[in-house]
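Reviewing the structure listed below.
Side chains included, hydrogens not; waters and symmetry mates left out as well; all remaining heavy atoms used.
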Amino acid sequence: MSSVEPESAPQETAAAAASKDDGMTWWYRWLCRLAGILGGFSCAVAGLWSCVTINPLNIAAGVLMMLNAFILFLCEAPFCCQFVEFANTVSEKADRLKSWQKAAFYCGMALLPIFISFTFTTLFGNAIAFASGVLYGLSALGKKGDAISYAKLQKQQPDEEKLTDL
């Protein structure tokens, strides 16, 4: 065995274990990634459009939106940034984040340009990026419980009305 094989094997197993621990199905994970990519594209286009003005707040919001687009592409689709040397490491670190952390980061990142300049361009340009954060937030809540386990839980708990009648 060479010295390269043992080092790469734990990294692959750690990434696989992290992806199975979050409880997301494969199609939901791809839906979140697709929403992130589309959010990055909408941020880039709307950010460029916001920069075509003389209002300095719109220009600042547009530049921030284009930076958000770059970060979204870097985290969700590193193949779009193949000439950036650190793209894969940033993507791997973003994949190791928990769903609620990604949700907070993406939603906060999408709200910042809206707070700077509240226009239709910033609002609609950041809507899909915000929706990507919402999807990650919903995955952090977990799966919905089934009716059987809920019924078992109700049988185990004493009824509050009976306790108050005593």
(message) What I'd like to find out is whether the side chain of Val134 reaches to under 4.5 Å of the side chain of Phe130, using heavy atoms alone.
(response) yes
(message) Between Phe70 and Met65, is there shared hydrophobic-cluster membership here, with clusters defined by ILVMFWY side-chain heavy atoms closer than 4.5 Å?
(response) no
(message) Hydrogens and angles aside, do Ser117 and Thr122 bring a side-chain donor and acceptor to less than 3.5 Å of each other?
(response) no
(message) Give me the atom names and distance for the closest heavy-atom approach of Ser139 to Tyr28.
(response) CB-CE2, 3.4 Å
(request) Check step by step if side chain to side chain contact (heavy atoms under 4.5 Å, CB included) holds for Cys43 and Asn126. (result) CA-CA 6 Å; Cys43 276; Asn126 288 308; 3.1 Å; yes
(message) What I'd like to find out is whether the side chain of Met109 reaches to under 4.5 Å of the side chain of Leu64, using heavy atoms alone.
(response) no
(message) Grouping I, L, V, M, F, W and Y whenever their side-chain heavy atoms are under 4.5 Å apart, do Phe120 and Val63 come out in a common cluster?
(response) no
(message) Quick check on the hydrophobic clustering: are Phe79 and Val84 connected, directly or via other members, by side-chain heavy-atom contacts under 4.5 Å?
(response) no
(message) Do Pro78 and Val90 make a side-chain contact, defined as non-hydrogen atoms from C-beta onward lying under 4.5 Å apart?
(response) no
(request) State, to 0.1 Å, how close Ala60 and Ile116 come at their nearest heavy-atom pair, and which atoms those are. (result) CB-CG2, 4.4 Å
(message) Which heavy atom of Phe73 sits nearest to which heavy atom of Ile37, and what is that distance?
(response) CE2-O, 3.6 Å
Side-chain donor-acceptor distances from residues 45-54 under 3.5 Å, at least two apart:
from, atom 1, to, atom 2, distance (Å)
Ser50, OG, Ala46, O, 3.1
Thr53, OG1, Asn55, N, 3.4

(request) Find out whether Leu72 and Phe41 are in side-chain contact, i.e. whether some heavy atom of one side chain is under 4.5 Å from a heavy atom of the other. (result) no
(message) Less than 3.5 Å apart, any donor N or O on the side chain of Tyr106 or Glu76 sitting next to an acceptor on the other?
(response) yes
(message) Rounded at 0.5 Å granularity, tell me how far CZ in Phe105 sits from OG in Ser132.
(response) 11.5 Å
(request) Salt-bridge test for Arg33 and Asp95: reply yes if a basic N is under 4.0 Å from a carboxylate O, no otherwise. (result) yes
(message) Connecting only ILVMFWY residues whose side-chain heavy atoms lie within less than 4.5 Å of each other, what is the rest of Ile128's hydrophobic cluster?
(response) Leu34, Leu38
(message) Using 0.5 Å steps for rounding, measure from the CG atom of Asn58 to the OG1 atom of Thr121.
(response) 7.5 Å
(request) Start with the C-alpha distance between Leu141 and Trp100, add both sets of side-chain angles, then the distance that settles side chain to side chain contact (heavy atoms under 4.5 Å, CB included), and finish with yes or no. (result) CA-CA 8 Å; Leu141 292 176; Trp100 69 269; over 6 Å; no
(message) With clusters defined by side-chain heavy atoms of hydrophobic residues (ILVMFWY) lying less than 4.5 Å apart, directly or transitively, does Leu31 cluster with Tyr136?
(response) yes
(request) Identify the heavy atoms of Ala69 and Gly40 that sit nearest to each other, and give their distance. (result) CB-O, 3.0 Å
(message) In this structure, would Ile59 and Leu57 fall into the same cluster of hydrophobic residues linked by side-chain contacts under 4.5 Å?
(response) no
